[in-house]
Amino acid sequence: MAVVAVWKCDRDGAMFDNKKDAEEHDKMLELAANISTLIERHIDGITDQVSEEIGLLLAKRREVLARACKGKPEELLAEQEQSAANKLDDGKVTALPAQS
């Protein structure tokens with residue numbers, strides 16, 4: 001019987017094959033939690049669920065967000081545009097020519 005070492009994140013129970021990935025995931029979740037807390041402190045009436053979703057969204061895209069804050073705001077939307085283009089290319093969505 002082989003023994004396989006895995007690392008488990010305490011925050012969400014995610015499992016990882018190596019310690020580096022587990023620590024990176026944990027740091028991302030900590031950033032998301034702190035963003036959520038910041039949002040809840042400054043925006044009245046926001047629900048916990050919405051603030052958590054926003055926190056995770058920003059934490060997962062922290063590199064793109066950092067580039068946007070450093071003078072490249074178009075990069076925030078470039079990811080979304082690229083995602084839309086990939087959906088057309090992956091065969092799940094077929095682009096149809098416009099009919100006159």
Side-chain angles (χ1 to χ4, degrees):
M1 175 195 275
V3 175
V4 178
V6 293
W7 283 260
K8 182 178 179 181
C9 181
D10 290 338
R11 294 178 192 265
D12 68 352
M15 304 288 276
F16 296 90
D17 293 334
N18 61 61
K19 184 177 179 179
K20 181 182 174 187
D21 290 344
E23 287 177 349
E24 184 175 323
H25 182 75
D26 189 55
K27 286 179 185 179
M28 185 272 302
L29 292 176
E30 183 176 359
L31 176 60
N34 290 343
I35 291 170
S36 297
T37 300
L38 178 71
I39 290 169
E40 290 171 3
R41 286 181 184 169
H42 292 280
I43 300 176
D44 292 331
I46 194 165
T47 66
D48 290 343
Q49 181 181 356
V50 171
S51 68
E52 287 176 11
E53 288 176 17
I54 294 170
L56 280 172
L57 172 74
L58 296 176
K60 287 179 182 178
R61 290 165 177 78
R62 65 184 178 265
E63 292 88 12
V64 174
L65 186 60
R67 289 193 302 270
C69 290
K70 291 179 181 179
K72 297 183 180 181
E74 67 278 358
E75 292 206 16
L76 287 175
L77 300 179
E79 180 183 342
Q80 184 179 7
E81 291 168 0
Q82 182 63 34
S83 177
N86 287 343
K87 285 182 182 179
L88 289 175
D89 293 339
D90 71 1
K92 293 181 181 175
V93 176
T94 303
L96 299 174
Q99 296 180 353
S100 313

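Predicted, not measured: the structure shown is a model, and the values here were computed from it.
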Candidate pair Phe16 and His25, rule side chain to side chain contact (heavy atoms under 4.5 Å, CB included), full reasoning = CA-CA 9 Å; Phe16 296 90; His25 182 75; 3.3 Å; yes
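- With rounding to the nearest 0.5 angstrom, the CZ atom of Arg67 is 12.0 Å from the CZ atom of Arg61.
- When the shell of 6.0 Å around CG of Asp17 is examined, it contains 12 or fewer heavy atoms from other residues, nucleotides or ligands.
- To the nearest 0.5 Å, atom CD of residue Glu75 and atom NZ of residue Lys70 are 11.0 Å apart.
- Expressed to the nearest 0.5 Å, how far CD1 of Ile35 lies from CZ of Arg62 amounts to 9.5 Å.
- Put simply, Val64 and Leu31 are part of the same group of oily side chains (I, L, V, M, F, W, Y) that touch within less than 4.5 Å, one to the next.
- Note on Leu65 and Ile43: same hydrophobic cluster, where clusters join Ile, Leu, Val, Met, Phe, Trp and Tyr whose side-chain heavy atoms are under 4.5 Å apart, directly or indirectly.
- The environment of Glu53 atom CD is dense: over 12 non-hydrogen atoms of other residues, nucleotides or ligands sit within 6.0 angstrom.
- Transitive grouping of hydrophobic side chains (ILVMFWY, heavy atoms separated by less than 4.5 Å) brings Leu76 and Ile39 into a common cluster.
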request  = Could you walk me through whether Leu56 and Leu29 pass the side chain to side chain contact (heavy atoms under 4.5 Å, CB included) test, one step at a time?
outcome  = CA-CA 7 Å; Leu56 280 172; Leu29 292 176; 3.8 Å; yes
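- Residue-environment remark: CD (Glu63) exceeds the threshold of 12 foreign heavy atoms within 6.0 Å.
- More than 12 heavy atoms of other residues, nucleotides or ligands sit less than 6.0 Å from atom CG of Asp12.
- Although no hydrogens or angles enter the test, the distance criterion places a donor-acceptor pair under 3.5 Å between the side chain of Ser36 and the main chain of Ser51.
- Distance CG/Leu38 to CD1/Ile54: 11.0 Å, rounded to 0.5 Å.
- Applying the salt bridge (Lys or Arg N to Asp or Glu O under 4.0 Å) definition to pairs two or more places apart or across chains, those involving residues 28-51 are Arg11-Glu30.
- If you chain together hydrophobic residues whose side chains sit under 4.5 Å apart, Met15 and Val4 fall into the same group.
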